[in-house]
Peer 1: 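Structure provided below as structure tokens; questions to follow.
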Number of protein chains: 2
Amino acid sequence: MPIQKITREEIISKCVERFRTHGFHSSTMSDLAEVCGLQKGSFYHYFTSKDEILEEGLKQMSAYFQEHIFAIAYNDHLPPKKRMKSMLQKHTAMMLHKHGGCIVANIATEALHTNPDVKPLLVEVSDNWHAALRYILQSSYTAKAAEIRAWRIIQDIEGAIMLTRLYGKETFIKQALQRSVEYCDGETAESAKRV
Amino acid sequence: MPIQKITREEIISKCVERFRTHGFHSSTMSDLAEVCGLQKGSFYHYFTSKDEILEEGLKQMSAYFQEHIFAIAYNDHLPPKKRMKSMLQKHTAMMLHKHGGCIVANIATEALHTNPDVKPLLVEVSDNWHAALRYILQSSYTAKAAEIRAWRIIQDIEGAIMLTRLYGKETFIKQALQRSVEYCDGETAESAKRV
DNA sequence: GTCTATAAAACGATAGAC
DNA sequence: GTCTATCGTTTTATAGAC
């Protein structure tokens with residue numbers, strides 16, 4: 001009786017990570033199998049197609065983010081500023097890992113045209129990220145202001161990740177992170193005008 | 001004697017546009033040929049490989065941007081605010097066209113790992129964009145402040161393009177554009193602290 | 001559940017006629 | 001300069017042994 005080398009969940013994790021760092025269309029089934037320490041043929045015991053790996057992968061990733069990253073926002077025992085810093089540091093560290101960038105932005109860029117079915121999954125992750133940020137910011141802002149500022153934090157970080165990857169300098173993402181944390185300080189007469 | 005259906009320059013333009021809207025790895029040689037109204041075989045009269053098309057395409061695009069978009073920044077007959085608005089409107093309109101996004105960001109995301117040689121070309125375009133923005137902002141800011149704010153405009157717009165594509169709403173990019181134009185109004189006591 | 005072997009299709013690239 | 005035809009390779013996916 002052959003031993004179980006790897007669980008389905010682990011396979012999915014490794015594939016998503018490969019998609020993030022090498023791209024979806026650049027990752028062949030052989031590549032994915034190799035990353036998991038399996039032969040190409042063994043892969044079809046778990047999935048019927050490459051597209052299914054992407055879809056399952058994004059579902060699992062969405063759940064992971066909600067449970068292990070965005071959940072930090074709702075821990076009311078910590079002050080808002082600490083939650084914001086902790087959550088974003090964990091999130092951006094993952095994006096910077098191996099210079100792979102944001103999986104949501106990457107898949108949206110390269111696979112939305114060939115795999116339009118995954119769009120709701122990407123939107124789901126972004127929506128959950130936004131809800132988490134908004135929840136933290138509602139301690140310091142009105143509901144409307146918190147919503148708008150939450151989008152701007154996502155936008156700021158996504159732009160920073162892109163520049164950080166292109167120029168290989170972490171300045172962009174570090175400053176975006178700092179700005180986001182300072183957002184928790186609340187409204188000033190000047191900043192209100194700038195929304 | 002067969003007539004010339006299309007010039008090399010036109011072929012390159014159509015290929016770059018296809019890469020931007022459908023991705024590099026998702027665009028086959030057949031796709032590219034079809035877009036140009038040619039047969040696959042005819043393509044190899046102009047290029048030796050698909051990678052060469054990408055490289056030549058990015059070179060031509062870089063020159064086009066410098067000449068037709070970034071050049072607007074250096075037209076000192078117009079007030080800074082008008083130059084900023086005119087340049088960014090033209091640039092973002094191209095990015096939004098067919099929801100294709102920014103060619104630089106797209107190629108950086110999906111082809112930097114398979115085609116690292118094109119990185120200098122992507123950096124060149126970004127550098128030129130930054131220089132154009134910085135030139136406009138130097139009317140209102142110190143050299144150092146102008147440099148930092150020019151990067152933040154690029155970052156803001158790249159993040160906005162990503163969100164606009166994912167959510168299909170132009171609010172993100174429109175507001176980023178407005179913020180960028182308002183940057184030309186110059187330093188205030190509050191905004192200085194926020195750099 | 002994992003392997004090897006192989007089928008079937010897609011793709012990049014070449015050859016040669018016109 | 002464009003076409004048709006085709007080669008060689010890569011890639012997705014399947015079949016069947018263990």
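Within every chain, numbering begins at 1; the chains are lettered A, B, ... in the order of the sequence lines, protein sequences first and strands thereafter.
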Peer 1: Starting at atom CD of A:Glu10, determine the distance to atom P of C:dG1, rounded to an integer number of angstrom.
Peer 2: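 Between P of C:dG1 and CD of A:Glu10: 14 Å.
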
Peer 1: Given B:His68, which partner from the list B:Phe65, B:Phe70, B:Tyr64 fulfils the ring pair (Phe, Tyr, Trp, His ring centres under 6.0 Å) test?
Peer 2: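 Running ring pair (Phe, Tyr, Trp, His ring centres under 6.0 Å) over B:Phe65, B:Phe70, B:Tyr64 with B:His68 returns exactly one hit, B:Tyr64.
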
Peer 1: What is the distance, to the nearest angstrom, from the CG atom on B:Leu38 to the P atom on D:dT4?
Peer 2: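 Nearest whole value for this atom pair: 11 Å.
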
Peer 1: Keeping B:Gln155 on the side-chain end and A:Leu163 on the backbone end, is there a donor-acceptor pair under 3.5 Å?
Peer 2: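 Absent.
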
Peer 1: Decide, yes or no, whether a salt bridge links B:Arg83 with B:Asp76 under the criterion of side-chain N to carboxylate O below 4.0 Å.
Peer 2: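 A salt bridge links B:Arg83 with B:Asp76.
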
Peer 1: Should B:Asp185 and B:Lys81 count as an ion pair when the cut-off is N to O under 4.0 Å?
Peer 2: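 Looking at B:Asp185 and B:Lys81, the cut-off is met.
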
Peer 1: Check the pair B:Glu17 / B:Arg20 against salt bridge (Lys or Arg N to Asp or Glu O under 4.0 Å), numbers first and verdict last.
Peer 2: CA-CA 5 Å; B:Glu17 181 62 6; B:Arg20 190 182 68 87; 2.9 Å; yes

Peer 1: Applying a 4.0 Å non-hydrogen cut-off, can you work out what A:Ile6 is touching in the nucleic acid: base, sugar-phosphate, or nothing?
Peer 2: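 Answer is sugar-phosphate: A:Ile6 comes under 4.0 Å of backbone atoms only.
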
Peer 1: Check this one for me: any side-chain N or O of A:Gln39 less than 4.0 Å away from OP1 or OP2 of C:dT4?
Peer 2: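 Checking A:Gln39 against C:dT4: at least one side-chain N or O falls below 4.0 Å of OP1 or OP2.
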
Peer 1: Atom CG of B:Leu54 and atom P of C:dG12: how far apart are they, to the nearest Å?
Peer 2: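 After rounding, the reported distance stands at 13 Å.
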
Peer 1: Does A:His45 make a side-chain N or O approach to OP1 or OP2 of C:dG1 shorter than 4.0 Å?
Peer 2: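 For C:dG1, OP1 or OP2 has a side-chain N or O of A:His45 closer than 4.0 Å.
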
Peer 1: Counting the atoms with a prime plus P, OP1 and OP2 as sugar-phosphate, which does A:Tyr46 contact under 4.0 Å by heavy atoms, base, sugar-phosphate, or nothing?
Peer 2: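 Sugar-phosphate, backbone atoms only, no base.
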
Peer 1: Which letter, B, S or -, goes with each nucleotide of nucleotides 10-16 of chain D from 5' to 3', with contact meaning a protein heavy atom under 4.0 Å?
Peer 2: -SBBB--

Peer 1: With no hydrogens and no angle check, is any side-chain donor or acceptor of A:Thr109 less than 3.5 Å from a backbone partner on A:Ala105?
Peer 2: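 Looks like yes, one N/O pair under 3.5 Å.
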
Peer 1: Round to the nearest Å and state the distance from B:Phe24 atom CZ to C:dG12 atom C1'.
Peer 2: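 Taking CZ of B:Phe24 and C1' of C:dG12, I get 11 Å after rounding.
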
